[in-house]
Amino acid sequence: MSIWRATNTDNEIIQYCFPNNNLSCTKYVKPGAEYIFVYIFISTISIFTVFLNLLVIISIAHFKQLHTPTNVLIFSLAVADLIVGLIIMPVQGIKLIEPCWYFGEIFCSIFPFIFYVVITASLGNLIIISVDRYIAVNDPLRYPARVNTNRAVLSIVVNWAFCCIYSFFLLYETIIYPEKNHTCVGECILFIELGYIITDVIVTLVTPCCLIISLYMKICFIAKHQAEHINSHKKAKSEKKAARTLGFVVIVHLLCWIPYYIAALTLGQDTGDSLVINIMYWILCMNSCLNPLIYAMFYRWFRISARYILTLKIFEPSSEYLNLFMQEK
């Protein structure tokens with residue numbers, strides 16, 4: 001079999017994905033400069049995402065002052081974002097620029113499952129964080145009794161378990177019968193029926209949006225009322241700042257989700273190797289890089305802990321007891 005098949009009018013050479021396989025898919029070979037630019041961009045964003053989320057994870061795990069229920073939830077969110085940077089971003093980036101799938105049929109069926117589990121787990125974490133902030137602002141006196149680290153960990157376990165079950169249900173045919181929608185070797189198409197897409201919109205967009213937005217509206221109203229009528233202005237200000245920061249995380253997350261669902265519903269069942277869908281997937285992935293940047297903007301403790309980590313002070317004796325809030329305003 002000849003490696004070269006044809007040359008189109010744009011001087012793009014058509015090759016086989018696997019020249020020695022008669023069932024191989026074909027691909028268009030684009031200019032080398034375009035490949036190099038996109039690969040550098042993908043590699044930079046992936047490394048940056050992993051680096052930033054590792055800072056969040058190490059900070060919360062190492063420093064005793066950060067061992068709070070809310071930070072445990074942020075830890076879970078950072079783990080999901082770390083997986084996105086390590087696995088989802090590189091593979092999804094390669095899918096965006098490479099016309100062929102080189103990772104094998106098994107990983108082709110597993111990758112969408114990993115993608116959906118991690119993305120929906122991130123959303124689940126945000127819902128739990130919203131509930132946590134609502135309780136903290138609405139009932140601050142009983143908050144320590146109602147919310148503790150063990151309950152936060154339990155909620156995280158339940159969230160990840162639900163996401164695994166839900167993603168398996170949504171992608172059942174893709175996982176069990178990966179070859180069903182493949183027409184040639186080197187192809188990896190994710191096919192989801194329109195009915196499942198609509199279900200996914202209700203479960204992972206409409207319902208969470210209504211719940212999160214209603215909670216944060218109540219949080220803002222209560223925090224404003226407390227600032228006006230309660231003498232403990234410092235406490236009210238602290239809770240309001242935490243709610244505002246996490247609310248910003250939620251808004252950014254939803255803004256990254258909405259374009260994907262608009263594209264998915266517009267294109268209907270054709271969610272395979274569509275360039276538009278792949279770009280929407282990439283926008284979802286970019287959210288994992290934005291979350292740590294939001295922490296760096298709003299949380300002084302994150303900037304201080306990151307400085308301690310980067311200067312290797314965490315290896316000093318009793319570094320886990322360093323004060324991260326002494327300059328907090």
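We count residues from 1, following the sequence as given.
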I'd like to know if the side chain of Arg146 and the backbone of Ile135 have a donor-acceptor N/O pair within less than 3.5 Å. no
**OP:** For Thr207 and Val203, indicate whether the former's side chain and the latter's backbone hold a donor-acceptor pair under 3.5 Å.
**Re:** no
Notebook entry, point to check: With ring centroids as reference points, do Trp160 and Phe162 lie under 6.0 angstrom apart?
Noted result: no
query = Between Thr68 and Asn71, is any side-chain donor less than 3.5 angstrom from a side-chain acceptor?
reply = yes
What I want to check is whether the side chains of His67 and Thr149 have a donor and an acceptor closer together than 3.5 Å.
no
task = Step by step, work out the side chain to side chain contact (heavy atoms under 4.5 Å, CB included) result for Phe113 and Phe168.
result = CA-CA 7 Å; Phe113 176 74; Phe168 183 81; 3.9 Å; yes
Here the gap from Ile156 atom CD1 to Leu77 atom CG, rounded to the nearest 0.5 Å, amounts to 9.5 Å
Stepwise side chain to side chain contact (heavy atoms under 4.5 Å, CB included) test for Tyr166 and Thr204
CA-CA 10 Å; Tyr166 171 75; Thr204 61; 3.9 Å; yes
Rounding to 0.5 Å, atoms CG (Asn125) and OG (Ser130) come to a distance of 10.5 Å
dist Asp81:CG -> Ile88:CD1 (nearest 0.5 Å) comes out at 11.5 Å
Q.
Are there over 12 heavy-atom neighbours, none belonging to Tyr172, within less than 6.0 Å of that residue's OH?
A. no
| query | Less than 4.5 Å apart, any side-chain heavy atom of Tyr102 and any of Ile94? | reply | no
>> If you define the side chain from C-beta out and look only at heavy atoms, does anything of Asn138 sit under 4.5 Å from Tyr143?
In response: no
Query - Whether Phe41 and Phe37 hold their rings parallel, tilted or perpendicular, with breakpoints at 30° and 60° - result: parallel
Using a 4.5 Å cut-off on heavy atoms from C-beta on, say whether the side chain of Met89 contacts that of Ile42.
no
Next on the checklist: Would Asp200 and Tyr116 count as a side chain to side chain donor-acceptor pair (under 3.5 Å) here? Give the steps.
Outcome noted: CA-CA 11 Å; Asp200 193 39; Tyr116 270 81; 4.6 Å; no
Check: If only atom types and distance count, is the side chain of Asp132 paired as donor or acceptor with the main-chain N or O of Ile128 below 3.5 Å?
Finding: no
| request: For the pair Trp101 and Phe107, name the ring-plane relationship: parallel under 30°, tilted 30 to 60°, perpendicular over 60°. | output: parallel
